[in-house]
Amino acid sequence: MSSFDDTIAAIATAPGEGGVAIVRVSGPDALRIADEVFRSAAPKPSERATHTIVHGHVDDADGNELDDVVLLIMRAPQSYTAEDVIEIQGHGGNVAAKRILRRVLDAGARAAEPGEFTKRAFINGRIDLVQAEAVLDLVHAGSERAAAAAVEQLEGKLSRSFNELYDFLVSIAADVEATLDFPDDELPATALPELLQRLNTADERIGQLLSTWDEGHILREGALVVISGKPNVGKSTMLNALLGRDRAIVSQVPGTTRDTIEEKYVLEGIPLRLVDTAGLRETECEVEQEGVRRARAHIQKSDLHLYLIDASKALDDDDRDHLAAMKSEKCVVVLNKVDLGQVVRSEQLKDATVVRTSLLTGGGVDEVRRAVIGKLTSGISLSAVPHASISERHRRLLVEARGGIREALSLIRDEAGNVVLAADRIRDSLENLGMITGKVYHDELLASIFSRFCVGK
Ligand SMILES: Nc1nc2c(ncn2[C@@H]2O[C@H](COP(=O)(O)OP(=O)(O)OP(=O)(O)O)[C@@H](O)[C@H]2O)c(=O)[nH]1
Ligand SMILES: [Mg+2]
């Protein structure tokens, strides 16, 4: 049963010119509105079965035709929102769709807010919050891999993991409460050790879910791959070579690139945010100083660091300092300009992953691509096949829940009498876990999720 008594409507297709434009209407009045605005051979929309498609036209209030359309009827609960839904598919283009929408609003619908259809699907119990978020991930997916992971999440795979964890913790909470009913001297000797063990298991399961964050973050936001190095080593040439187009200015003048230049790039299904940066050096120039500051900030938060060296010149202290500061699992060292001779030897680079290139002619670019994929799939534990993985919101709540479980553990372990407090902590954990899938929610939580959707979704 729907929890709403008003009917919402919006254009569901992207603005601009296209083959069709869809006006979506959901709520108790959807079919009445269809009867009012839509003309075709009998029977009326409200007398038709669910999941039928009817050809006809939308008329204005005076009976003048606004557009030739196809009407889709999806009755509750077999619809996106679990309410009565109609979709009017008109000719593409902004004006025609807006005229249909206005007609539908005049007939009694209210203009939908961003994400309101999906929000209704959630509140009406058709999907949980994790699935609702998957809808957004799918819309935003920048690569095949990201889309596949979002579909898995939409189907409920991730929700199941969260629900199992939640149910497990509910059973622990029940057992904790049960021990409270025993007078201290009658509590079975095994009761507390068993509780501790199960709390540890809950902690481990949370750890397993948290370990999927890297993958989720990369698929949702793209792996941040930062190209850095001293001036003039070929960083901008590298950006252009990877993208396969002339994006950044290349010149023999050291200090050419000042600002960071970021471009999206999909490599074997993995979305990347490739960033070219200013060459790292001490300089008097204020603009360049800011460029170097930005470069360092990007290196700090990068998922992967491509560090370029001019192989034809001896390593200096600056290079050695930069190399020493890098984590080898997050870094690929590129020895560029090998066409000019190779003075830098691989042994000087310790355990780093090293690729030799001559970017002027494109030599070695494929090896760089392979090294990037290799690092992203091993060092950052990106799985071979895409998996639904947790988002930043889930991560924060899981960390909170784990904190509660760990406090409960130490309360029971260290002060055997303190089970009452432990029970409180476990309830807090349950509340945090509940907010992930939406077993527990409040208005701000929903607003923060659904406001990121587009109108009509
Ligand atoms: N011989 C040779 N020259 C190269 C190679 N790669 C780049 N260059 C040249 O090196 C010069 C500097 O290249 P850029 O890509 O602008 O270098 P950068 O690291 O972005 O430099 P900044 O932006 O100043 O920090 C240009 O003249 C390039 O054509 C290479 O493999 N071999
Ligand atoms: Mg440059």
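None of the values given here were measured: they were computed from a predicted structure. First listed ligand is number 1; within each ligand, the first listed atom is number 1.
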**Asked** Backbone or side chain, does any N or O of Ala278 fall under 3.5 Å from an N or O of ligand 1?
**Response** no
**Message:** For Val253, state whether at least one heavy atom is located under 4.0 Å from any atom of ligand 1.
**Reply:** yes
**Message:** Can you confirm whether Val25 sits close enough to Val85 that some side-chain heavy atom of one is under 4.5 Å from a side-chain heavy atom of the other?
**Reply:** no
**Complete:** atom 7 (C) of ligand 1 has as its nearest protein heavy atom Thr237 OG1, 3.5 Å
**Request:** Could you tell me the residue and atom name of the protein heavy atom closest to atom 21 (O) of ligand 1, and the distance to it rounded to 0.1 Å?
**Result:** Asn232 N, 2.9 Å
**Asked** Could you walk me through whether Ser26 and Glu83 pass the side-chain hydrogen bond (donor to acceptor under 3.5 Å, both in side chains) check?
**Response** CA-CA 6 Å; Ser26 177; Glu83 303 176 327; 2.5 Å; yes
**Prompt:** Which atoms of ligand 1 have any heavy atom of Leu340 under 4.0 Å away?
**Reply:** 1 (N)
**Asked** Can you list the atoms of ligand 1 that are under 4.0 Å from a heavy atom of Ser358?
**Response** 31 (O)
**Complete:** d(Leu242 CG, Thr237 OG1) to nearest 0.5 Å is 11.0 Å
**Complete:** Min over Gln252, Lys235, Lys337 of heavy-atom distance to atom 4 (C) of ligand 1 lands on Lys337
**Asked** Are Arg393 and Glu133 ion-paired here, with the side-chain N under 4.0 Å from a carboxylate O?
**Response** yes
**Message:** Checking side-chain polar atoms at under 3.5 Å, does Asp339 have a donor or acceptor matched by the opposite partner on Ser358?
**Reply:** yes
**Message:** I'd like to know if the Mg ion (ligand 2) has an N/O/S atom from Thr257 within less than 2.8 Å of it, counting both backbone and side-chain atoms.
**Reply:** yes
**Prompt:** Parallel, tilted or perpendicular: which fits the ring planes of His305 and Tyr307, with parallel below 30° and perpendicular above 60°?
**Reply:** perpendicular
**Prompt:** Is there a side-chain contact between Arg24 and Gln89, using heavy atoms and a 4.5 Å cut-off?
**Reply:** no
**Item:** Option whose closest heavy atom lies nearest to atom 24 (O) of ligand 1, chosen from Gly279, Gly229, Ala311, Gly255
**Value:** Gly255
**Prompt:** Does Ser236 bring an N, O or S atom to under 2.8 Å of the Mg ion (ligand 2)?
**Reply:** yes
**Item:** side-chain hydrogen bond (donor to acceptor under 3.5 Å, both in side chains) between Ser236 and Thr257, worked out
**Value:** CA-CA 8 Å; Ser236 300; Thr257 308; 2.8 Å; yes
**Message:** Is it the case that ligand 1 has an N or O less than 3.5 angstrom from some N or O of Thr357?
**Reply:** no
**Item:** Closest approach of any protein heavy atom to atom 31 (O) of ligand 1, naming residue and atom
**Value:** Leu359 N, 2.8 Å
**Nearest-0.5 Å distance that lies between atom NZ in Lys230 and atom NZ in Lys235** = 10.0 Å
**Side-chain touch Ser429/Leu169, heavy atoms, less than 4.5 angstrom** = yes
**Request:** Would you mind telling me if ligand 1 is within reach of the side chain of Leu360, the backbone, both or neither, using heavy atoms under 4.0 Å?
**Result:** both
**Asked** Between the candidates Ser236, Ser251, Gly341, Ala295, which shows the shortest non-hydrogen contact distance to atom 20 (O) of ligand 1?
**Response** Ser236
**Enumerated ligand 1 atoms positioned under 4.0 Å from heavy atoms of Pro254** = 24 (O)
**Request:** Kindly state whether the ring of Phe453 and the ring of Phe117 have centres lying under 6.0 angstrom apart.
**Result:** no
**Asked** Has ligand 1 got any nitrogen or oxygen that is less than 3.5 angstrom from a nitrogen or oxygen of Gly234?
**Response** yes
**Asked** Which bit of Val250 gets closer than 4.0 Å to ligand 1, counting heavy atoms only: side chain, backbone, both or neither?
**Response** both
**Request:** Would you mind checking which non-hydrogen protein atom is closest to atom 1 (N) of ligand 1, with the distance to 0.1 Å?
**Result:** Asp339 OD2, 2.9 Å
**Fill in**
of all protein heavy atoms, closest to atom 6 (N) of ligand 1 is Asn336 ND2, 3.1 Å
**Item:** Spacing of Ile86 atom CD1 and Ile73 atom CD1 [to the nearest 0.5 Å]
**Value:** 8.0 Å
